[in-house]
Amino acid sequence: PKVYSEEEAVTFYNNFNEQIKVYCNRNSLARWNYDSNITDFNLQRKLEEGAAFAKFKKDSWQELIKYPWKYFNDPELKRKFKLSSVLGTAALSEDDFKRLDTIISDMKSTYSKAKICSFQDSTKCDLNLEPEITELLKVSRNHEELRHIWIEWRRNSGEKVKETYKEYVTLKNKAAKLNDYADNAALWLGNYETEDFRDQISALWVQLKPLYQQLHAYVRRHLRLKYGEEVVKAKGPIPAHLLGNMWAQTWGNIVDFMLPYPERQSTDVTPNMIKQGYTPLKMFKLSEEFFVSLNLSAMPESFWEKSILEKPTDGRDMVCHASAWDFCDSMDVRIKQCTVVNQKDLNTAHHEMGHVQYFLQYKHQPNIFQRGANSGFHEAVGDVLALSVSTPKHLRAIGLLEESASEADKDAEREATINYLFSIALNKIAFLPFAYQMDLWRWDVFEGKTTPENYNCHWWRLAEQFQGIEPPVDRSEEDFDVASKYHIIADVPYIRYFVSFVIQFQFHKGLCQAAGQLENNAPLHECDIYKSTKAGNLLG
Ligand SMILES: C=C(C[SeH])C(=O)N1CCC[C@H]1C(=O)O
Ligand SMILES: [Zn+2]
């Protein structure tokens with residue numbers, strides 16, 4: 001058979017790269033249209049473009065593997081071929097591919113359309129996860145209302161996709177095997193290109209667990225003080241519905257009744273955001289301005305024209321879960337977020353803008369290199385900026401926090417700082433076990449260690465072992481609680497966030513050093529890299 005030379009490989013690959021950009025653009029547009037407006041027409045268009053994209057990738061792959069890329073001299077050409085030789089789900093037959101795309105679309109549709117009835121008014125049954133249910137979980141301090149919401153959301157989301165999910169697992173593993181991986185867990189872990197990746201994550205958790213346990217104990221005590229000893233036991237797991245979040249993954253929403261120094265200023269700037277007339281658009285403009293202050297890229301005009309920055313009021317069904325989009329043409333980048341004016345969504349806006357900044361910074365790369373160094377990197381960029389934005393110093397600088405009168409008083413300053421660090425811990429430390437167990441469960445499922453009849457039991461065993469939480473009512477295998485979380489039904493891996501929540505502090509420290517903010521033992525928690533072009537240069 002003909003041996004293809006490295007020169008011919010260059011020509012082949014450049015042509016492939018030009019073509020894949022076109023298919024990728026068409027596919028992204030069809031996916032955007034479906035996620036922004038869930039209709040049968042948009043589903044059919046999405047399936048068609050997805051099938052065309054998969055067919056193109058599979059046909060190109062037949063050609064690509066004829067090149068002896070393992071023996072190429074040029075490392076960049078070799079890596080392009082190596083990464084492109086993993087076909088992913090496009091390796092499936094046309095029928096299987098379409099079936100898998102349909103299954104995931106249907107699960108996303110079920111999740112996005114799910115509604116529950118109000119606890120206060122059982123005739124009001126139009127509460128969506130975003131914004132109504134999320135807001136209720138943030139503000140309600142009625143543990144029976146919280147239990148109602150917790151149960152009803154799971155009954156209308158996870159439970160409905162139990163059968164479909166089994167077929168999803170089968171098809172994902174079938175695709176993985178067609179790519180010479182043992183199962184989809186191995187394929188997903190390939191993203192980190194690190195042999196002992198799972199051991200490294202396990203070692204990180206062992207390191208961080210003691211801090212989590214201290215936070216867990218403190219929070220449990222204050223929940224017991226708030227809700228009483230009938231509702232919250234002095235020892236053991238925390239009831240999952242009391243932590244201010246549907247999945248107990250971040251606990252920042254319950255900080256108000258457990259601040260270490262309650263008489264000190266809290267750094268929840270939501271009231272000031274509302275008082276100052278913040279809009280979703282202003283939140284994203286604020287984030288853009290931070291990136292620009294680092295000498296990084298501003299958003300293209302089309303970003304502001306084409307993004308969806310708040311939930312449309314035309315009653316359409318759409319995927320509200322925040323996301324950032326790259327349309328593969330080195331121009332069109334967007335965010336879709338059903339933004340509410342509050343501090344949590346201001347952080348999420350920075351998170352999503354971090355994805356878009358990454359898109360803009362690598363837009364000149366070949367398509368195959370337009371991805372994070374690993375997926376954790378992509379998730380970390382925006383959060384790094386949010387760490388600076390969240391500091392009392394920065395919030396005061398942008399007028400979202402009043403100058404604290406007690407500035408002069410050293411003790412008051414120290415106590416306010418403890419409050420700030422505690423609120424960061426509620427969002428960043430509390431999150432770690434949840435992020436870990438999300439893919440521990442899926443790795444076990446894809447590897448066949450957990451079978452469908454044990455799906456829910458295994459999830460709750462992990463939730464008790466890692467998060468140290470328990471359901472407010474008994475659960476059975478009729479329930480399917482893990483699928484009440486977007487990423488499970490939307491086919492999005494999750495260990496990326498565990499990686500991100502660790503490396504974002506390492507990035508923050510490095511950028512703070514570059515910004516000269518750590519001189520004379522200045523504490524990391526007061527660092528704000530705003531306007532530091534040195535930090536921006538490092539980040540870019
Ligand atoms: C904001 C996004 C889109 Se990439 C997200 O899914 N995040 C951001 C942090 C954790 C995770 C979640 O919401 O579960
Ligand atoms: Zn993200």
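Atoms within a ligand are numbered from 1 in the order they appear, just like the ligands themselves.
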List every atom of ligand 1 that sits less than 4.0 Å from any heavy atom of [X], numbering the atoms from 1 in the order shown and giving each element.
| X | result |
| --- | --- |
| K485 | 12 (C), 13 (O), 14 (O) |
| H355 | 4 (Se) |
| H487 | 5 (C), 6 (O), 12 (C), 14 (O) |
| E352 | 1 (C), 2 (C), 3 (C) |
| Q249 | 12 (C), 13 (O), 14 (O) |
| A322 | 3 (C) |

Are the aromatic rings of [X] and [Y] close, with centres under 6.0 Å apart?
| X | Y | value |
| --- | --- | --- |
| W188 | F446 | yes |
| Y212 | W251 | yes |
| H394 | F290 | yes |
| Y111 | H487 | no |
| Y455 | F480 | yes |
| F466 | F434 | no |

Measuring from non-hydrogen atoms of [X] to any atom of ligand 1, is the shortest distance under 4.0 Å?
| X | value |
| --- | --- |
| S323 | no |
| F431 | yes |
| Y494 | yes |

*Taking the side chain as every heavy atom from C-beta outward, state whether D481 and P471 have any pair of such atoms under 4.5 Å apart.*
no
_Side-chain heavy atoms of L281 within contact of W304, under 4.5 Å_ =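 Answer yes - side chains close enough.
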*asked:* Considering non-hydrogen atoms of the protein only, which is the closest contact for atom 13 (O) of ligand 1, and what is the distance?
replied: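 Of the protein heavy atoms, H321 CE1, 3.6 Å lies nearest.
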*What protein heavy atom is closest to atom 7 (N) of ligand 1, reported as residue, atom name and distance in Å?*
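For this ligand atom, the closest protein heavy atom is Y497 CE2, 3.6 Å.
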*asked:* Looking at R154 and D479, is there a salt bridge between them, counting it only when a charged N and a carboxylate O are closer than 4.0 Å?
replied: no
*asked:* For the Zn ion (ligand 2), give me the closest N/O/S atom belonging to H355, just the atom name.
replied: NE2
*So which of the N, O or S atoms of E379 lies nearest the Zn ion (ligand 2)?*
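Of the nitrogen, oxygen and sulfur atoms in E379, the Zn ion (ligand 2) lies nearest to OE1.
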_N, O or S atom of H351 closer to the Zn ion (ligand 2) than 2.8 Å_ = yes
